[in-house]
Amino acid sequence: MTKPTAHYIDGVWESALGRPLIEVDNPADGSLVGAVVAGDARDADRAVEAARRAFPGWAATPLAERIALIERMAAGIERERDRLAGLLSAEMGAPIGFARAAQVGVALADLAALAAAARDHEHATAVSNSLVVSEPAGVVVAITPWNFPLHQIVLKVGGALLAGCTVVLKPSEIAPLNAAALARILHDAGAPPGVVNVVFGDGAGVGEPLAAHPGVDLVTFTGSRAVGERIAVVAAANITRVALELGGKSAAIVLDDASVADSVAGVLRSCFANSGQTCAALTRVLVPASMLDEWTRAAVAASADWQPGDPGVEGTAIGPLASQTQLQRVRDHIAAAIDDGAELLAGGLDAPSGLAGGAYVRPTIFGGVTPSMRLFREEVFGPVLAVTAYDSLDEAVALANDSDYGLSGGVWSADARRALDVALRLRTGTVGINGAGLDVGAPFGGYKQSGVGRECGAAGLAEFFETKSVMGAASLA
Ligand code: NAD
C-alpha cells in the first residue's frame, strides 16, 4: 500500500501524520488499496478560505489560459490512462478494460466538450437595452460519488475552472484515490494555489460542513436522492445555489416493431454494465404482451454474457459491486422483489460460483413486475432488470412515467419517427433511441426527483455562471 493521502489545500499536499484515516478496500477481494485522511469541519473551512482567496485572480485569468490548463489536465489524464484505470478498478471494481475505455475515456470526452463549449460561449451579448454578461459563480463545492468517479469529478471541476470559478472537491470516501491522482495532474499542469482544493472524508465529517458553508456560492452534487435532499436543506440556510444529479429508475420501451435481438442487447448493456451502478441505467423494460415470451427468453439467454469475474482480467464483462455495503443493499432489493411476488428469471441471491468473498452479485432478471412492487419504484444500483408487459402504447408511456424519478429512458423501434414521438412523451431529462447512450456534448440531468440542473457541454458550463445585465450598455456589446 502507498502512504495515506492527505488533503490538497492552497496548492500544498498536507501531512497525514496523526490524522484519522479512511481505508480504501478492493471490493473484488477485500485487500487494502490505500487510505485517505478523514477530514473535519476545520479542513472544510481552510479549503473554502483558500478557494475564496484564489477566486479574484482566477476569475480575471484570460479564458485562453483557463482553456489551456484544462487541455494540459486532459493531456495528463491521457498520459496516465493506464494508472488511473488501475486505480479505479482497484477502488470501485470496474473491469480494467471498461475502466480504461469508459471510465477514463468518458472523462476525456467530457473535458473536450466543455473546452469547446467555453470557446464558443458568448460572454457578453446585447439584450434589449442591456449588455448581458456571464460572470463566474464564485467558489464551487463539488461532492461526488463512486460509480463513475472520474467522469463526475471532471464534469464539475472542468466546468467550474473553465467558467472562472475556484473549487473545493470532496470525492467519495469509497473511491477517493483517483481524485488524488487527478489533483496531482492538475498541480503538475500548473493550476495556481487555491484554484482547486481536495478535501477527503465522509459526508458527515466534510461533505455537510462544505455544503453548509457561508463562503460557498454553488454546491454541485452527484449521488443519492436522500443526500441530495440533505444538501439542498443545509445549503438553503445561506441561499446557496445547488445543482443535483440524483438517481433514476429509467424505463426502456420496446415498441412492437422493434428488433428483439437489438433491444435485448441494448437494454442488458445499459442495465448490467458497470455492475448496474449507473444512474441513467435502463432498469425497467416495458415489452408488448404479444412479444413478452420471446423477449424474456432472449434476455435470459443473453444475460449469460454478463457473468461477473475478476476485474483485473482483460475482457471481464462486469466486476464486483463497489463495496460490501452496496452488495448488501442490492441483495436486500433482490430479496424484496422475491417477497413482493416478482418472478425470478435469471440470477438471484446466490453468489456467483468461484467468487465468494468479493462484493459480487449475479446479473438478475425479474418478470411480472408491477407498479406496486418496490423493484418497479426504487433504484437498486446493481445489475437487476425488471420486466413489465403492456397492451397499448398509452399504457407503456404511463408506466414509464409512473416514477418519482425522471432521469433517462429508452425507446426501441424500426421507425425512428415513431420512436421520437414516444421519446417526447417521457418526463425525463434524456432518452436514447435504439440504444444511443450518453452524449457528453448534450445536456444531461433529471426531471422530478432525479435532480436540479444540467451537466455536460454548454449546458453544464452554464451552471457555473452568474448573469449580469448592465442596463443602458447594449450599444457597447
Ligand atoms: P451518497 O449520496 O451517500 O454519497 C455521495 C457523496 O455524498 C459522497 O461523497 C458522500 O460522502 C457525500 N455525502 C454523504 N452524506 C452527505 C451529507 N450529509 N452532506 C454532504 N455530503 C454527503 O451515495 P453513495 O453512498 O455513494 O451511494 C448510495 C446510493 O446513491 C446508491 O446506492 C445509489 O442509489 C445512489 N447513487 C447515485 C448516483 C448517481 O449518479 N445518480 C451515483 C452514486 C450513487
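Residues: numbered from 1 along the sequence shown. Counting starts at 1 for both ligands and their atoms, in listed order.
Within the 4.5 Å cutoff, the side chain of E91 has heavy atoms near those of the N178 side chain.
Panel note: side chain D10, backbone V12; no donor-acceptor pair is recorded below 3.5 Å.
Aromatic ring orientation, W146 versus F381: perpendicular (interplanar angle above 60°, classes split at 30° and 60°).
Within a 6.0 Å sphere centred on CG of L17, other residues, nucleotides and ligands contribute 12 heavy atoms or fewer.
Legend: residues meeting ring pair (Phe, Tyr, Trp, His ring centres under 6.0 Å) with H121, ordered by chain and number and at least two apart, are H123, F465.
Sorted by chain and number, the heavy-atom contacts of ligand 1 below 4.0 Å come from I143, T144, P145, W146, N147, Q152, K170, P171, S172, E173, D202, G203, G207, E208, F221, T222, G223, S224, V227, R230, I231, E245, L246, G247, C279, Q326, R329, E379, F381.
A side-chain donor from one of R329 and Q326 sits under 3.5 Å from a side-chain acceptor of the other.
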